[in-house]
Structures are given as C-alpha cells and as structure tokens.
K.L.:
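Submitted below is the structure of interest, expressed as structure tokens.
Naming convention: chains lettered A, B, ... in sequence-line order (proteins, then strands); numbering from 1 in each chain. Both backbone and side-chain heavy atoms feed into the values below; hydrogens, waters and symmetry mates do not.
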There are 2 protein chains.
Amino acid sequence: MKKSEIIQLLESRNIQASYHRMKILEYLVNHRTHPTVDKIYSSISGEIPTLSRTTVYNTLKVLVEKKLVAQVTVEENELRYDYSEGPHMHFKCTKCGELYDIFDNCKILEVKNIDGHSIDEHHVYLKGICRNCREKNA
Amino acid sequence: MKKSEIIQLLESRNIQASYHRMKILEYLVNHRTHPTVDKIYSSISGEIPTLSRTTVYNTLKVLVEKKLVAQVTVEENELRYDYSEGPHMHFKCTKCGELYDIFDNCKILEVKNIDGHSIDEHHVYLKGICRNCREKNA
DNA sequence: GTATCTGCAAAACATTTGCAATTCT
DNA sequence: AGAATTGCAAATGTTTTGCAGATAC
C-alpha cells in the first residue's frame, strides 16, 4: 500500500497522520500476521531509533478506537493487532503455532441476534492441527 | 453439587482431592460466572485464611490441564475460568457488562475441519447489547 | 501560542518461579 | 520416609500513567 493511501486511511478517521502513526499503520497493513505490541515495536524501531513503546501503545489505542485496527485475542495473554478487511475467523495450530485467517464457513459471523441479544462484534478462534502439520505426520 | 461429587470429579481425572482443590472447584461449579483468579481468591480466602494466590494459580492450572475447567477469554486482558457442561458460546453486553452463555445456534462449534485444518477447540465470543438493556431503552 | 504527540521513568498489575515448610499417604 | 501440595517472596513481563520536552497546526 502506498504512503499516500496510508495517510488517507488515517485522515478518513480524523487521525492526524504523524510519522510514527504512519509507520505503525503501514507495518500492520503490510504484515497481516497479527503482531504483538512488542513485535511491532522491535520491527520498526530500527527505522525510527527514537521510537518508544509508549508511542506504539498510544497509537494502537487510537487505531483501535477509530476502528482502523482490531484487537485480536488469539491466545490467552497475547494481545495482538490486526488490520483486516472483511469478517473472518482465526485458527491457531497448537503444533507449529502458525496463525491462519479463515474466510470460509463463517455463517456465525453474520448472526445479528441470538436469544434476544443484538450482536455487534463476532470473535471466533479455533485451535487444532493445521494441514501442514497433518501432512508431515502422514 | 455435593462435596462427594466434587471429590469424584477430581478423582475421575486423577487429581488428588486436597481441601484447597475441592474448595476451588466447588466455587467454580457453584458460580458459573466465569470468575477471574482474583475473584476466586478473594471469594474463598475468607473460609481458608491461609490460602495464597499461588495455590489458586496452581490449582487452576491443574484443572485446566485435566480439562475439568476451561480458560475463557471473554475480554482482552481478563483471564477467566469456567466450569461448564457442553459446548457453548459467550456473549458480553457492552452496556451492562453482563456475560451470558449461549447454547443456541452453535453450528460453528461442531465444525471439525476447515480449509484442511483439523479443529479441536472452538472459542466464540460475541459482543453487543443484551435483551435487558435493549428493553430498558425501548 | 496552543493543542497534540512523543518518550522516559516509574508505577501498577497479573502471572510465574524457586525454594522452604507443611501436609498427605 | 517420600511424594505431593502449599505459601511466601522475589522475579518477570506487559500495560498504564504522569509529566516534561518536542512537534505540529
């Protein structure tokens, strides 16, 4: 994604497009790997030597508030961040640790009402053995 | 649930039925409110004055390993524990904070295979406005 | 020149670990 | 006695907070 598009994304949500914010959002857009705060920090702090963790936290907070980025709880105790397009589920392989996005078979994500409750957010994460690990064993 | 049943539960999974473990499991069985470690600790430490948090952590770890109890991530950063019977989903009201178990419409919980991955665990949590809060507004 | 953003250091929390004391069999 | 369980205190790791300095509008 081009730098101008990153800026547009930010400004479309009324977020000032500071250098740090651009870099952090750019990282999330280009690395759809659901990184942790620490992963983001260590990945871009080479480019921005003065970057502090606090700024990463601050920025992510803003991005989540403005719904540009989602907080994902894939595994207990691992707060991760996700720039994603469209509803999807997550699948984590308990063997290799790889995390997959699942776009198939997502009817649950379309449910707007259950037991009289109205539903705004759907979070689905599945765990098991991924197809690669299964093939290796076979 | 009777004390003898609690003991049976523990022994059926080859867990020594110590006093602390019985009390912690009893609490979870009688309070299906997905309590945090701290909630469990402060709720029963009155009865067991020498109880330490470490023991609660240790016990919960054993109970989860032996699959008597499930770790639930309802909200980011809140590790909760759940003694539950049968697969179900969770719904949290963003207005009143109440957490509901959902047993309806759970087809996703039956899926054993997606995209070639084999699935062992299903975690679904939904957020929105619960029926009580909706009625109050109407 | 005022508001916003950034970064350091300290604080706040939750969880884990090592080890010694206790309890159970 | 020997093994498992418990509990304290310290360590760890992550996120938050307060405030001062820098930057942007």
K.L.:
Which atom pair, heavy atoms only, marks the closest approach of B:His88 to B:Ser84?
P.N.:
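The pair with the smallest heavy-atom distance is CE1-CB, 3.2 Å.
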K.L.:
If you check every side-chain atom of A:Gln16, which of C:dT4, D:dG7, D:dT15 has the closest atom?
P.N.:
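Looking only at side-chain atoms, A:Gln16 lies closest to C:dT4.
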K.L.:
Rounded to the nearest Å, what distance is computed from the NZ atom of residue A:Lys66 to the P atom of nucleotide C:dT4?
P.N.:
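Distance, rounded to whole Å: 11 Å.
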K.L.:
Between C:dA14 atom P and B:Tyr41 atom OH, what is the distance in whole Å?
P.N.:
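From B:Tyr41 OH to C:dA14 P: 13 Å.
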K.L.:
Is there a donor and acceptor pair, one atom on the side chain of B:Thr54 and one on the base of D:dC8, closer than 3.5 Å?
P.N.:
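Donor-acceptor pair under 3.5 Å: yes.
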K.L.:
Hey, could you give me the OH/CD1 distance between B:Tyr83 and B:Ile6, rounded to the nearest 0.5 Å?
P.N.:
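The OH atom of B:Tyr83 sits 7.5 Å away from the CD1 atom of B:Ile6.
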K.L.:
Which whole-number value in Å describes the distance from B:Gln71 CD to C:dA14 P?
P.N.:
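Rounding to the nearest Å, CD of B:Gln71 and P of C:dA14 are 15 Å apart.
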K.L.:
Expressed in angstrom and rounded to an integer, what is the separation of A:Leu10 atom CG from D:dC25 atom P?
P.N.:
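Rounding to the nearest Å, CG of A:Leu10 and P of D:dC25 are 13 Å apart.
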K.L.:
Going by the angle between their ring planes, with limits at 30° and 60°, are A:His90 and A:His34 parallel, tilted or perpendicular?
P.N.:
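Geometry flag for A:His34 against A:His90: perpendicular rings.
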K.L.:
Once you round it to whole Å, what is the distance between P of D:dT6 and CD1 of B:Ile44?
P.N.:
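Roughly 11 Å, once rounded to whole Å.
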K.L.:
Determine the contact category for A:Arg21: base if any of its heavy atoms lies under 4.0 Å from a base atom, sugar-phosphate if only primed atoms, P, OP1 or OP2 are that close, otherwise nothing.
P.N.:
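Sugar-phosphate contact only.
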K.L.:
Locate the shortest heavy-atom distance separating A:Arg32 from A:Val29; write the atom from each residue and the value.
P.N.:
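For A:Arg32 and A:Val29, the tightest heavy-atom pair comes out as NE-O, 2.6 Å.
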K.L.:
Between A:Ile48 (CD1) and C:dT6 (C1'), how many Å, whole number?
P.N.:
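After rounding, the reported distance stands at 12 Å.
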K.L.:
Just how far, in rounded Å, is P of C:dT22 from CG of B:Asn58?
P.N.:
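Rounding to the nearest Å, CG of B:Asn58 and P of C:dT22 are 18 Å apart.
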K.L.:
Output yes when at least one side-chain N/O atom of A:Thr50 is less than 4.0 Å from OP1 or OP2 of C:dT6, else no.
P.N.:
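No, A:Thr50 has no side-chain N/O under 4.0 Å of OP1/OP2 on C:dT6.
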K.L.:
Would you mind telling me which of D:dG7, C:dT16, D:dT16 lies closest to the side-chain atoms of A:Tyr57?
P.N.:
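Ranking D:dG7, C:dT16, D:dT16 by closest atom to the A:Tyr57 side chain puts D:dT16 first.
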K.L.:
Rounded to the nearest Å, what distance is computed from the NE2 atom of residue A:His20 to the P atom of nucleotide D:dT23?
P.N.:
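Distance, rounded to whole Å: 10 Å.
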